[in-house]
Amino acid sequence: MNWLDISPIFLTLTVLIVALIAFIAEWLPVDLTSLSITVVLMILGLVSPNEGISGFGNSATITVMAMFILSAGITKTGILNIIRDWLIQWGGKNPTQQIFTLGMIVGPISAFINNTAVVAIFLPIVEQWSKQAKVSISKLLIPMSFLTILGGLITLLGTSTNILASGIAVQLGYPEFGIFQFTKLGLPVFFIGLIYLSIASPKLLPARKPPGGESLAEDYELKEYVSEMIIPPKSSLIGQTLRSSEIQRKFDLDVLEIIRNDTHFPPPLADKVLAVGDILLVRGSRSNLLNIKDERGVEILADFKFNSQELEEQNNSQEEKIAEVLILSNSRLIGSSLKDLRFRQRYNATVLAVRRGQELIRERFGKIPLKFGDLLLIQAPKDSFIGLQTTRELLVLEEKNREGLRQNKAGIALAIVLTVIFTSAFNFVPILVSSLAGVLIMVITGCLKPGEVYGSVRWDIIFLLAGLIPLGIAMDNSGTNQWLADNLLKVAGNLSGYWILVLFYFATSMLTEVLSNNAAVVLMIPIAVKVAENIGLEPLSFMYAVTFAASNSYLAPIGYQTNTMVYAPGGYKFLDYTRVGLPLTLTLTFIVPLLIVKIYGL
């Protein structure tokens, strides 16, 4: 039987179901999954080749790309450092006041700058702030993530989801959204969330990390994993280099330092020739230390007393330091192991331990594929950390040096972004045109270097959007949206307009917990619009409900990127998100549709 003879609705639904399973199962990264969907749709004839690639030229995709670049211009010129100083000065001493102050800062910023970038900038700031204020960081990071999500709903520019929703509205024959089109809804929703999080979070969130913070060595429980061993006269290691001896590979050890006659040799150590009497400071399990003792004739110094401060003091030395490094969502390291990456050679840094949520991995982590949100405890020369701070693969959880910022360009960058907002808000030019012009001026004025333009774009998001847009076209072409809307009305046809809005809000918010928020918008907005048109209600109100629900992901660390970013740094458990997020989700499920009815009508 030829698939051309099969109902287009059946084919589209089949692709849709397989796509949902693929997104949930994470067989491939989400951007590759969405591109695979596009290819399948073209092969099945559900979209034409031109429709299949239309996502790459869609105004929403290009606008999102421009917004990433404009956000980079703001961060590269150090404007947010001024805001950081305000936070430290006026942040307060108790969690309720701190969360409220933090929200009043990150919320408005997230309305105009991508919230993933905001969390990346404020994560190390909040970590230092929590230590100064003697407050557990776990009381602050989930609220910060949630508040950037809520802030992103204040304007069109806050998230890629909002811009994508505007593009879908145009495809469906409605005007594109203005920058402040749903600000009247976004502001009260933000303040409802801010008040709830300020009051409830300190009570609902446990102190997963002690107030003030332990030393990193204690936090990662390295006491049983850092030891000293000495090379006696009969050891087979004498005259060999660390590389040729292969002890690090065979025994899963990391040599952190070699001490010879009171002289300390830090990494890189691979080509250091070992001699009698050398003392090696190593990270490894006791069982592996006993194995190397038997096979290579080394002696473990029984009187070595691990002192966490001894390792931490390297932070104050001129040569070595220890810090935490977060794997970012668009990192090319994801899916590869430290061994495959040759991490030590690539970054001139040694990984001491890996934290994945609540799980602490200290043995054989060199062969474990890295994931988004993994937190690496790294020891490296200070010069190596300068390189780590500039890479887009990793986020060093410490404040960046101001020397690398173009602070003399801060006023220009701010003026460019404000001009983009002003010209679009008053419809002088479309947002696509003003944002691209803003990008060009950022480069011409030196706020961004040409090479930084490409590096500032979240290409995984761009390819995700470009791949999802044809799925929406296929659902419309095949009549799937109308079929789903008709069947939904059979179930919910007797409900009032308000309760149908509640139904769409709740369904979308559940869908966004297992899919990306952009995928949820692509799937749900066309169906919601068809339902509204069929029963004579206001389609824009249904678009707003779906758009807000798609971004409001508060139940799990995996539903939204900012939630995943704070998972390991906060030392959270999975249910910590649900404990705080479920009351917020249920509250907004009923309040947002009510506000939509009051503000925009039905």
Side-chain angles (χ1 to χ4, degrees), residues 18-40 68 116-117 119-120 123 160 248-249 252 254 324-378 380 387-397 454-468 513-519 553 556-569 572 574:
V18 173
L20 293 176
I21 295 171
F23 276 120
I24 295 169
E26 296 182 342
W27 294 327
L28 293 171
V30 291
D31 50 338
L32 291 181
T33 299
S34 64
L35 286 176
S36 301
I37 294 167
T38 298
V39 172
V40 171
F68 282 129
T116 305
V119 170
L123 233 173
S160 59
Q248 298 190 111
R249 179 188 63 81
D252 190 31
D254 281 314
E324 293 173 302
V325 174
L326 184 70
I327 303 291
L328 296 175
S329 60
N330 58 325
S331 174
R332 290 173 292 182
L333 308 185
I334 294 173
S336 300
S337 68
L338 295 170
K339 180 181 178 182
D340 293 336
L341 293 166
R342 296 176 60 84
F343 191 92
R344 186 185 289 108
Q345 293 81 3
R346 184 174 184 173
Y347 294 106
N348 191 25
T350 300
V351 179
L352 304 177
V354 177
R355 186 183 292 281
R356 182 170 289 170
Q358 276 289 105
E359 183 183 6
L360 190 56
I361 309 170
R362 290 160 300 190
E363 292 188 61
R364 300 200 176 280
F365 51 72
K367 298 180 180 180
I368 299 173
L370 297 173
K371 291 184 177 181
F372 166 42
D374 282 353
L375 200 59
L376 313 181
L377 183 66
I378 286 181
L388 288 169
Q389 283 184 332
T390 58
T391 179
R392 297 185 69 249
E393 315 291 343
L394 304 161
L395 173 67
V396 182
L397 296 192
Y454 301 99
S456 62
V457 176
R458 286 283 310 279
W459 293 106
D460 56 328
I461 297 293
I462 298 302
F463 278 84
L464 173 65
L465 296 180
L468 285 174
E513 294 293 345
V514 293
L515 300 179
S516 75
N517 47 344
N518 292 316
S553 175
I558 57 174
Y560 203 91
Q561 290 176 343
T562 59
N563 291 344
T564 308
M565 289 176 69
V566 303
Y567 188 32
Y572 292 117
F574 192 97

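Counting from 1, the numbers follow the sequence of the chain as shown. Only this structure's heavy atoms are used, side chains among them; waters, hydrogens and symmetry mates stay out.
- Here CZ of Arg346 is found 11.0 Å from CG of Leu338. Values are rounded to the nearest 0.5 Å.
- Scanning both residues, Ala466 and Thr38, for their nearest heavy atoms gives O-OG1, 4.4 Å.
- Take Ile462 and apply the side-chain contact (heavy atoms from CB on, under 4.5 Å) test, not counting sequence neighbours, and it matches Thr61, Val64, Met65, Phe68, Val457, Trp459.
- A distance-only check finds no donor-acceptor pair linking the side chain of Ser337 to the backbone of Pro369 [under 3.5 Å].
- With sequence neighbours left out, Leu32 forms a side-chain contact (heavy atoms from CB on, under 4.5 Å) with Leu28, Pro29.
- Not counting sequence neighbours, the partners of Thr562 by the side-chain contact (heavy atoms from CB on, under 4.5 Å) test are Asn115, Thr116, Val119, Ser145, Thr148, Ile149, Tyr560.
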Does the side chain to side chain contact (heavy atoms under 4.5 Å, CB included) test come out yes or no for Leu395 and Leu123, once each step is laid out? CA-CA 9 Å; Leu395 173 67; Leu123 233 173; 4.3 Å; yes
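- Heavy atoms only, all atoms of each residue included: Ala22 and Thr33 are closest at CB-CG2, 3.8 Å.
- Here the CG-OG distance, from Leu464 to Ser160, works out to 8.0 Å after rounding to the nearest 0.5 Å.
- The shortest non-hydrogen separation linking Gly373 to Leu326 is O-CD1, 3.5 Å.
- Smallest separation of non-hydrogen atoms from Tyr567 and Phe574: OH-N, 3.7 Å.
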Given the rule in the side chain to side chain contact (heavy atoms under 4.5 Å, CB included) test, do Asn563 and Ser553 qualify, once you have shown the distances and angles that lead to the verdict? CA-CA 8 Å; Asn563 291 344; Ser553 175; 4.2 Å; yes
Ile334 vs Leu370, side chain to side chain contact (heavy atoms under 4.5 Å, CB included): CA-CA, chis, key distance, verdict: CA-CA 5 Å; Ile334 294 173; Leu370 297 173; 5.7 Å; no
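- For the ring-ring contact (aromatic ring centres under 6.0 Å, His included) test, residues two or more places apart in sequence or in another chain that qualify with Phe343 are Tyr347.
- With sequence neighbours excluded, no residue forms a side-chain hydrogen bond (donor to acceptor under 3.5 Å, both in side chains) with Ser36.
- Leu333 places none of its side-chain heavy atoms less than 4.5 Å from the side chain of Asp374.
- In terms of heavy atoms, Leu375 sits closest to Ala568 at CB-CB, 3.8 Å.
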Kindly indicate, with the supporting measurements, whether the criterion side chain to side chain contact (heavy atoms under 4.5 Å, CB included) is fulfilled by Met565 and Phe372. CA-CA 8 Å; Met565 289 176 69; Phe372 166 42; 3.7 Å; yes
